[in-house]
There are 2 protein chains.
Amino acid sequence: MAGNRATKILSVKDQIAEQLRSDIISGEMPPQTKLNEKELAERFGLSRGPIRDVILQLTKEGLLISRNNCGASVNSVLEPKLQRLMIKLRRSIEEYAITELNGNLTDQNIAELEGILASLEDALDREDYTEVTKIDISFHQYLIYQAGGEELVNIWYPYVMRMRLNYKRITSSSECVNEHRAILEALKAQDSAAAVKAVKHNIK
Amino acid sequence: MAGNRATKILSVKDQIAEQLRSDIISGEMPPQTKLNEKELAERFGLSRGPIRDVILQLTKEGLLISRNNCGASVNSVLEPKLQRLMIKLRRSIEEYAITELNGNLTDQNIAELEGILASLEDALDREDYTEVTKIDISFHQYLIYQAGGEELVNIWYPYVMRMRLNYKRITSSSECVNEHRAILEALKAQDSAAAVKAVKHNIK
DNA sequence: CTATTGTAATGTGTTGACAATAGACCATTC
DNA sequence: GAATGGTCTATTGTCAACACATTACAATAG
């Protein structure tokens with residue numbers, strides 16, 4: 001193979017979705033912000049079709065809420081009870097992933113996770129907290145994907161997004177890196193119980 | 001009020017989605033069946049636009065799987081491990097709903113649930129098992145919606161759909177009605193523990 | 001005969017124009 | 001003055017045509 005790092009090709013819609021998610025999570029588009037299809041189409045230099053697709057997708061993810069003929073707007077934060085339920089569900093999924101993965105990670109998997117951790121530290125040094133959030137998510141997503149593929153990612157993703165909507169503040173820098181390093185170290189040591197504990201401690 | 005039964009207005013897309021879900025769950029469109037946008041558009045007398053929206057929606061629900069430029073097809077059954085995880089997650093959600101609802105159901109809520117049970121029995125008598133499945137789902141959906149609104153329904157729905165894909169066979173008639181009646185009776189008696197137990201017994 | 005490359009056909013992605021709807025604003029009435 | 005009704009505008013929903021990607025098949029070279 002010429003290069004071992006696969007350059008990921010993202011569809012147009014995925015890129016737009018990614019951008020909008022960033023805007024929402026960063027707080028640039030606070031809850032109740034209305035989305036105008038025509039406006040967005042012009043911003044991204046596309047027609048309304050693909051924009052509509054993205055809006056539909058983000059609605060299914062729970063980031064947006066849309067009503068018939070009334071357009072879409074950024075969803076509001078969850079009431080505490082539902083928030084707690086979602087945390088519980090997300091923990092169940094990540095616990096499953098960790099358990100499945102224990103002992104089945106290749107050296108390359110480990111290396112890639114180390115790489116993600118490194119960029120996490122880097123983003124923290126730069127105080128780019130929107131990027132920190134994205135990398136944080138990608139660390140977990142890597143594990144979820146390895147354990148259950150796209151299917152599992154699809155059911156997991158909405159929980160993460162909804163939780164990020166609620167907690168915009170970032171936990172202390174060192175804490176964030178340390179928590180993820182703890183997960184990785186436990187996985188490397190093939191200590192399933194410790195890994196599960198570390199993950200649950202990180203999800204809150 | 002003129003009539004106590006609200007006539008539900010469904011958008012065009014919701015109706016199409018409903019129809020396609022029926023086709024998939026009933027086994028008329030088994031896994032790997034490819035969906036042709038133009039074909040579907042002609043079948044429903046619409047253009048491809050709304051059809052594409054529906055396909056996107058069902059993909060997010062996990063019923064379909066679609067790849068870029070390659071179209072969508074009916075998703076295959078889950079591997080057993082993921083199936084078990086999904087059952088666990090769905091049970092968590094329904095347990096939450098029951099607990100929230102306990103003691104908070106109005107007489108009208110009870111009456112509506114009784115109505116759903118009646119139509120369930122009716123469909124069983126007619127041996128219309130596709131309809132049975134839909135009513136079964138609507139019974140649960142009613143509870144979920146009352147407990148957590150549209151938001152909770154949106155995260156719950158995919159689990160139900162994926163599970164229905166796996167278990168197409170219907171449980172014995174009397175068993176199906178009895179299990180749901182047990183849930184309702186426990187709710188009427190405001191016996192939260194019994195209701196939770198009954199729900200968990202019903203989800204498998 | 002096999003493997004590779006070019007080509008046609010099928011189907012998806014995108015677009016811009018048109019139709020329908022919701023919300024705002026204003027006039028009218030009681 | 002508050003409530004009802006009717007327009008008007010902005011925005012969403014729908015459509016038909018076009019641009020592009022993918023697949024399958026046929027032609028060619030080795």
Side-chain angles (χ1 to χ4, degrees), chain A residues 1-2 6-21 23-24 29-76 150 154, chain B residues 1-2 6-21 23-24 29-76 150 154:
Chain A
M1 226 189 297
T7 45
K8 202 150 193 184
I9 302 288
L10 288 173
S11 74
V12 173
K13 286 188 291 189
D14 283 344
Q15 291 177 61
I16 307 223
E18 197 55 41
Q19 182 62 49
L20 287 182
R21 284 193 204 101
D23 291 349
I24 295 172
M29 296 174 70
Q32 264 82 53
T33 305
K34 285 197 67 175
L35 282 85
N36 185 309
E37 294 180 357
K38 193 178 159 194
E39 220 171 75
L40 289 172
E42 284 166 5
R43 170 177 162 197
F44 291 110
L46 293 168
S47 70
R48 280 174 49 218
I51 302 290
R52 286 173 61 82
D53 287 357
V54 171
I55 287 179
L56 212 69
Q57 189 170 338
L58 296 187
T59 299
K60 272 289 157 192
E61 283 174 19
L63 280 180
L64 302 180
I65 184 167
S66 32
R67 281 173 17 203
N68 258 359
N69 288 307
C70 297
S73 52
V74 178
N75 209 346
S76 50
E150 204 172 339
N154 273 335
Chain B
M1 225 189 304
T7 45
K8 202 152 193 184
I9 303 288
L10 289 173
S11 74
V12 174
K13 286 187 293 190
D14 284 344
Q15 290 177 62
I16 309 232
E18 197 57 38
Q19 183 62 48
L20 286 183
R21 285 194 203 100
D23 291 349
I24 294 171
M29 295 175 69
Q32 265 84 51
T33 306
K34 285 196 67 173
L35 282 83
N36 184 309
E37 294 180 357
K38 193 175 157 196
E39 217 171 77
L40 288 171
E42 282 167 5
R43 169 177 162 196
F44 291 109
L46 294 167
S47 72
R48 280 174 48 215
I51 300 291
R52 284 173 62 82
D53 287 356
V54 170
I55 288 179
L56 212 69
Q57 188 170 339
L58 295 188
T59 300
K60 273 288 159 192
E61 283 175 19
L63 280 180
L64 302 180
I65 184 166
S66 29
R67 280 172 16 202
N68 257 1
N69 289 308
C70 297
S73 52
V74 179
N75 209 345
S76 50
E150 204 172 338
N154 273 337

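Quick note on labels: first sequence line is chain A, next is B, and so on, each numbered from 1. This one's a predicted model, so the numbers in the text were calculated from it and none came from an experiment.
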Enumerate, atom names and distances included, each donor-acceptor pair closer than 3.5 Å involving a side-chain atom of residues 62-73 of chain A, sequence neighbours excluded.
unit_1, atom_1, unit_2, atom_2, d
A:Ser66, OG, A:Thr59, OG1, 3.1

### Message
Tell me every residue that passes salt bridge (Lys or Arg N to Asp or Glu O under 4.0 Å) with A:Asp14, counting only those two or more places apart in sequence or in another chain.
### Response
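A:Asp14 satisfies salt bridge (Lys or Arg N to Asp or Glu O under 4.0 Å) with no other residue.
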side-chain hydrogen bond (donor to acceptor under 3.5 Å, both in side chains) involving [X] - partner list, sequence neighbours excluded:
X: A:Glu18; result: A:Arg21
X: B:Lys60; result: none
X: A:Gln19; result: A:Asp23
X: B:Asp53; result: B:Lys13

### Query
With nearest nucleotides of DNA chain C determined for A:Val12 and A:Arg67 from heavy-atom distances, which residue corresponds to the more 5′ nucleotide?
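Result: A:Val12.
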### Task
Look through every strand shown and name the nucleotide pairing with D:dT28 as Watson-Crick or G-U wobble, where both distances are under 3.5 Å.
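The base-pairing partner of D:dT28, which may sit in any strand shown, is C:dA3.
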### Task
Output the residues of residues 33-64 of chain A in contact with DNA chain C, where contact means a heavy atom of the residue under 4.0 Å from an atom of the strand; sort by number or write none.
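Under 4.0 Å from DNA chain C: A:Leu46, A:Ser47, A:Gly49, A:Pro50.
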### Query
Looking at residues at least two apart in the chain, or sitting in another chain, which of them share a side chain to side chain contact (heavy atoms under 4.5 Å, CB included) with A:Gln32?
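In terms of side chain to side chain contact (heavy atoms under 4.5 Å, CB included), with neighbours along the sequence ignored, A:Gln32 is linked to A:Ser76.
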### Message
Please report the distance, rounded to the nearest Å, between NZ in A:Lys13 and C1' in C:dG13.
### Response
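The distance from NZ of A:Lys13 to C1' of C:dG13 comes to 8 Å, rounded to the nearest Å.
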### Task
Heavy atoms of chain B, cut-off under 4.0 Å: which first and last nucleotide of DNA chain D, 5' to 3', fall inside that, if you could look?
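First-to-last contact on DNA chain D, by the 4.0 Å heavy-atom rule, is D:dT14 to D:dT23.
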### Query
So do B:Ile16 and B:Leu46 actually touch side chain to side chain, heavy atoms under 4.5 Å?
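Of all side-chain heavy-atom pairs linking B:Ile16 with B:Leu46, at least one is under 4.5 Å.
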